[in-house]
Amino acid sequence: MLRLLNIELQKLRYNRAARVISIVYFVLITFIALIASIEFNFGSFNFRVADQGIFNFPFIWHFNSYMGALLKIFLAIVIVSMMSNEYSYRTLKQNLIDGLSKKEFVISKFLTVLLFAVISTIFLFIVSFILGMSFSDYKEIGIIFSDFEYILAYFIKLVAFFSFCLFLGVLVKRSAFALGFLIIWYIIEKIIYGVLEWRLFRDSDVADTVMQFFPLEAMSNLIIEPFSRLGAVQSAASQLGDAFTKSYDVSPIAIAIALAWTFLFIYWSFLILKRRDL
Amino acid sequence: MESILTINNLTKRFGPITAVDDLSFTIEKGNVYGILGPNGSGKSTTLGIVLNVVNKTSGNFHWFDGKGTTHEALKKVGAIIERPNFYPYMTAVQNLELVCKIKEVDASKVEEKLETVGLLERKNSKFSTFSLGMKQRLAIASALLNDPEILILDEPTNGLDPQGIHQIREIIKRIASEGTTILLASHLLDEVEKVCTHVVILRKGKSLYVGSVDSMNASHGFFTLQAADMVALQATLEGNSDFGLLKREGELLIAYLNAPMDSAELNRFLFEKGIVVSHLVKRKESLEEQFLELTKHQN
């Protein structure tokens, strides 16, 4: 295990592009803190984001894991290119000749994906904790450590998404095309959703029921957007007579679906490599 | 003798094309093998299969005694296929350290092997800055890191300049003299002839011959001769049952032997018959001539 991770980290460590993007990614996570300093002045009306309760425990776990997950595309670039580089440098072939099995090769990539997700999660936890301690109105232990499932959901979301990227890298072999495929896949899912929701099954929740099984939709269902949960938005909505009634909880079904996709992506990556003549 | 690689009835098809056709041979310890064959005869595909990068269609092969998986066995093998493949952004040393991790050997040999191939002074240069010859030498260093039981080289001098070819050949000869089993795939016959003791000849995915270079052709060689009186020379040799085919080639007479005979013996024989030769050379068929002969028979 450690040997395989070690092999992969050596490949990444000396790759300047991978290093730069990873650093940018982690710096950007800390920049979530900068949201605190956003201020608007509409004449006499002064609006400060930090005062809207977004940094209150436990809401901050939800808000930060949602915001942090938006940045995952940066690491996706690193992961897709760490796979497609193996094709373009033909080092995949050389690794196998040197005595790495195809299974070990996939495992070493997956371990790296896990490591990236673990570090991101720990990092997000620390940033959120510090922000919360500075701005939250409530600092009781019980409140601080409630709603912790968002951190778990964040971790699973990253693992599933990075596994998808890894799979695309294995499948498509070229990093630019793999990322393009990712975007096209996102659009396809949205189109299917649109067709189901607005054409075929109007006024029913068939569309949502079906769509939750699609990979990107499943990942996005892990953490529901936190904005409509904000006090200001809620009160504005109730004034308009349209109160939000949706659930913001992390659903176990979403977790199960995301984990199933993760398994499939890694297993398919292995199958593709096994069948392919290199 | 201890066998290193055994291949039985190996077949590989790419769609309608059969690249390797029912191939069987055994590589034994301590010999230097050449795999010969024209382009597209299945050399690289065969090596690809035994090196775990190409899937076989049918048949089987096993490394060493057949115990353990192929990828475990490959840790005891050093191999270079086609062109050298390394991470361009890493230095020579970093690349070799990575190979050590994959092969699970200690990284202490890195400098020693770089020394062997003469790259020690460039050890901290990035792979992308290397010339083709240097890349190929780095690949050899990498293949040697685990002090392999067998070294497999596929077209190691392809695309190199004469100096590069010479350097690679010297390295191969040195490694062979240390007793390492070598398998060298090439379509350059003189290359194989210079270093190999055994050959495997492939054509259209089938093996035509497996065995030592010496016993490849049963012939006893031939003489090229010239004398003042060529007619008398030819007549004399026709009367000697040790000679078979006689052939005029320009000023020279080519006389093929049916039985072993050395040049001194022939010289004495001709002198006793009153013929003085001005040119007398004994030769064996070159590997190229033998190879052409073998492949011709199969047509």
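Below, chain A is the first sequence line, B the second, and so on; all start at residue 1.
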Proximity breakdown for [X] and chain B, heavy-atom pairs closer than 4.5 Å:
X      : result
A:K102 : side chain
A:R13  : side chain
A:R16  : side chain
A:R3   : side chain

Evaluate whether atom [atom1] of [X] has more than 12 neighbouring non-hydrogen atoms of other residues, nucleotides or ligands under 6.0 angstrom away.
X      : atom1 : value
A:L271 : CG    : yes
A:Y186 : OH    : no
A:K103 : NZ    : no
A:Y87  : OH    : yes
B:F14  : CZ    : yes
B:F64  : CZ    : yes
A:R174 : CZ    : no
B:K101 : NZ    : yes

Mind checking the [atom1]-[atom2] spacing from [X] to [Y]? Nearest 0.5 Å is all I need.
X      : Y      : atom1 : atom2 : result
A:S101 : B:L74  : OG    : CG    : 10.5 Å
A:K11  : B:Q94  : NZ    : CD    : 14.5 Å
A:N6   : B:I102 : CG    : CD1   : 11.0 Å
B:M90  : A:Y14  : CE    : OH    : 7.5 Å

Worksheet, complete the sentence: In terms of heavy-atom contacts, A:I7 and B:L98 come closest through O-CD1, 3.5 Å

Discussion item. I'd like to know whether B:F127 forms a side chain to side chain contact (heavy atoms under 4.5 Å, CB included) with A:Y89, so could you lay out the CA-CA distance, the side-chain angles of the two residues, the decisive distance to 0.1 Å, and finally the verdict.
Written reply: CA-CA 11 Å; B:F127 176 70; A:Y89 301 149; over 6 Å; no

Practice prompt. Give the C-alpha distance, both sets of side-chain angles, the deciding distance and a yes or no for side chain to side chain contact (heavy atoms under 4.5 Å, CB included) between A:L100 and B:H71.
Written response: CA-CA 6 Å; A:L100 206 63; B:H71 78 91; over 6 Å; no

Worksheet item: Which bit of B:K76 comes within less than 4.5 Å of chain A, counting heavy atoms only: side chain, backbone, both or neither?
Response: neither

Worksheet item: By a 4.5 Å heavy-atom criterion (distance strictly below it), what part of B:K56 contacts chain A: side chain, backbone, both, or neither?
Response: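 Neither; nothing under 4.5 Å.
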
Worksheet item: Any idea which of A:T91, A:L96, A:N95 has the most non-hydrogen atom pairs under 4.5 angstrom with chain B?
Response: A:T91

Worksheet entry | Which of A:R90, A:Q94, A:E104 touches chain B most, by non-hydrogen pairs under 4.5 Å |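 Of A:R90, A:Q94, A:E104, A:R90 has the most heavy-atom pairs under 4.5 Å with chain B.
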
Practice prompt. Run the salt-bridge test on B:K75 and A:D98 with the 4.0 Å N-O cut-off and return the result as yes or no.
Written response: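 Salt bridge flag = no for A:D98 with B:K75.
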
Worksheet item: Can you tell me if A:Q10 and B:Y87 form a side-chain donor-acceptor pair at under 3.5 Å?
Response: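 B:Y87 and A:Q10 do not have a side-chain donor-acceptor pair below 3.5 Å.
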
Practice prompt. For side chain to side chain contact (heavy atoms under 4.5 Å, CB included), just list the numbers for A:I97 and B:I81, CA-CA rounded to whole Å, side-chain angles, deciding distance to a tenth of an Å, and then say yes or no.
Written response: CA-CA 9 Å; A:I97 292 170; B:I81 279 205; 4.0 Å; yes

Fill in: Heavy-atom donor-acceptor pair, B:N55 side chain to A:R275 backbone, under 3.5 Å
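At least one qualifying donor-acceptor pair exists.
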
